[in-house]
Colleague: 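Have a look at the structure that comes next, please.
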Amino acid sequence: MREGERVQLTDPRGRLHTITLTAGKEFHTHRGRFGHDELIGRPDGTTITNSAGVQYLVLRPLLADFVLSMPRGAAVVYPKDAGQVVQMADVFPGAVVIEAGVGSGALTMSLLRAVGDAGRVHSFERRADFADIARGNVETFFGGPHPAWRLSVGDLVESLPGSGLSAAAGTGADRAVLDMLAPWECLDAVADAMAPGGVLICYVATATQLSRVAEAARASGRWTEPEAWESMVRGWHLEGLAVRPQHRMVGHTGFLLTTRRLADGVTPPLRKRRPAPGAHSADTGEITGTGTGQDAGLDAGHDAGVGEPADGTEYGDRPVSDRKARKAAREAAAGAAASHHAARTVPGDPTGDPTGDPVGDGPLEA
């Protein structure tokens, strides 16, 4: 291990500490200290004991470890999602990749790892402060500027034409990854910069965003039928025979949507799957709701004075018939009456008096 490297310390209770080795510095906790010089020059995977006798395991952090401990401005793409992006987008060594929404650089590092020095990752970030954070994290992890990385500050739609990526000129990108608030606004610009057959993958946080980008891809006519999914990770506790799922898990972080670029002039085949009732407007055939971003699909509910669609059809739910509603109301009322009677009747009272005061000592307690 060399001076300037980041190393990860694990104490006997499994707590992690990440430090940058600096000659002359010391690592302190409330349970002792040790000098960085004691680690410099030692092999990876070693241990060190501090002044209080606490032993630490010392390892160079993996990319997943680094991402979770690095400085961040925007929320990072978790390793479970970054791995799926690289695999499902089929990012290969030497590939040319468009990335929009760099954030703190977590996904960027996975893409750079996948394309290698011979590939190219063109990253676009609208916020200069986020771009600075991402640049620092990438250079920290790789030990300097990565030869395959090009970072541009600005709007994707405005900056992409000047990047040299063009399907018409035969210099289109192989893959594109959009991690942004409104990816549907950039689909045409990305299509112009991608080679036919290229893979587009979008990472969005909410179901309304997912619906909006899927419908925009279909309406564009330049993309194949989109597919979407999410992944959840649950760890397991391993201690002798006490093998069970952990109480905590990484649940929903975001949705992933993939589609592929069609050749120019090609009309996508008509969808044979029948849409759910209410999924589209009867007049226009467009997705119900006129809002944008995270509010798409909620307008009908807002117009009705509630926080969700009036009948749920905007989400593909089947409407509940009046007859079924009346039947459910009767059953609920009957159940409530029976429960109320049982709570106020004294067990063993032959009269079954529901007034609740058979002995004159006041009301019964539930």
Colleague: Starting from I98, can I reach Y203 by hopping between I/L/V/M/F/W/Y residues whose side chains sit under 4.5 Å apart?
Modeller: no

Colleague: Does CD belonging to Q55 count more than 12 external heavy atoms closer than 6.0 Å?
Modeller: yes

Colleague: Surrounding CZ of F255 (heavy atoms of other residues, nucleotides or ligands, distance under 6.0 Å), is the total greater than 12?
Modeller: yes

Colleague: Does a side-chain N-to-carboxylate-O contact under 4.0 Å join D117 and R120?
Modeller: no

Colleague: Tell me if the CZ atom of R244 is crowded by more than 12 foreign heavy atoms within 6.0 Å.
Modeller: yes

Colleague: Can you confirm whether H237 is buried at NE2, in the sense that more than 12 heavy atoms of other residues, nucleotides or ligands lie under 6.0 Å from that atom?
Modeller: yes

Colleague: Taking 4.0 angstrom as the limit, do D129 and R127 come out as a salt bridge?
Modeller: yes

Colleague: Applying a strict under-4.5 Å side-chain criterion to I, L, V, M, F, W and Y, I'd like to know whether L165 and L151 cluster together.
Modeller: no

Colleague: What closest approach, in Å, do E99 and L107 show between heavy atoms, and which atom pair accounts for it?
Modeller: OE2-CB, 4.0 Å

Colleague: Hey, are R222 and D192 close enough for a salt bridge, meaning a charged N less than 4.0 Å from a carboxylate O?
Modeller: yes

Colleague: Please determine whether the number of non-hydrogen atoms from other residues, nucleotides or ligands lying under 6.0 Å from atom NZ of K80 exceeds 12.
Modeller: yes

Colleague: Could you pull out the closest heavy-atom pair between M70 and M109, with the gap in Å?
Modeller: SD-CE, 3.6 Å

Colleague: So which of V86, L256, L178 actually passes side chain to side chain contact (heavy atoms under 4.5 Å, CB included) with I201?
Modeller: L256

Colleague: Begin from the C-alpha positions of T224 and T259 and carry the test side chain to side chain donor-acceptor pair (under 3.5 Å) through to its verdict.
Modeller: CA-CA 6 Å; T224 61; T259 182; 3.2 Å; yes

Colleague: Could you walk me through whether H17 and F27 pass the ring-ring contact (aromatic ring centres under 6.0 Å, His included) check?
Modeller: CA-CA 10 Å; H17 307 271; F27 172 73; 5.4 Å; yes

Colleague: Please check if the number of heavy atoms outside R6 that lie under 6.0 Å from its CZ is greater than 12.
Modeller: yes

Colleague: For R31 and N50, work out which heavy atoms get closest and say how close.
Modeller: O-ND2, 2.7 Å

Colleague: Between D81 and S231, what is the shortest heavy-atom contact and its length?
Modeller: OD1-OG, 3.6 Å

Colleague: Treat each ILVMFWY residue as a node, draw an edge where side-chain heavy atoms are under 4.5 Å apart, and state whether V157 and V213 are in one component.
Modeller: no

Colleague: Treat each ILVMFWY residue as a node, draw an edge where side-chain heavy atoms are under 4.5 Å apart, and state whether V67 and F142 are in one component.
Modeller: yes

Colleague: Do you know the tightest heavy-atom contact between V115 and A148?
Modeller: CG2-CB, 4.3 Å

Colleague: Cluster question for you: counting only ILVMFWY and a side-chain heavy-atom cut-off of under 4.5 Å, with indirect links fine, are V199 and V177 together?
Modeller: no

Colleague: Evaluate side chain to side chain donor-acceptor pair (under 3.5 Å) for W229 paired with Q84, printing each intermediate quantity in order.
Modeller: CA-CA 10 Å; W229 73 97; Q84 295 233 341; 2.4 Å; yes

Colleague: Taking all atoms of both residues into account, what is the closest heavy-atom pair of G164 and T171, and its distance?
Modeller: O-OG1, 2.9 Å

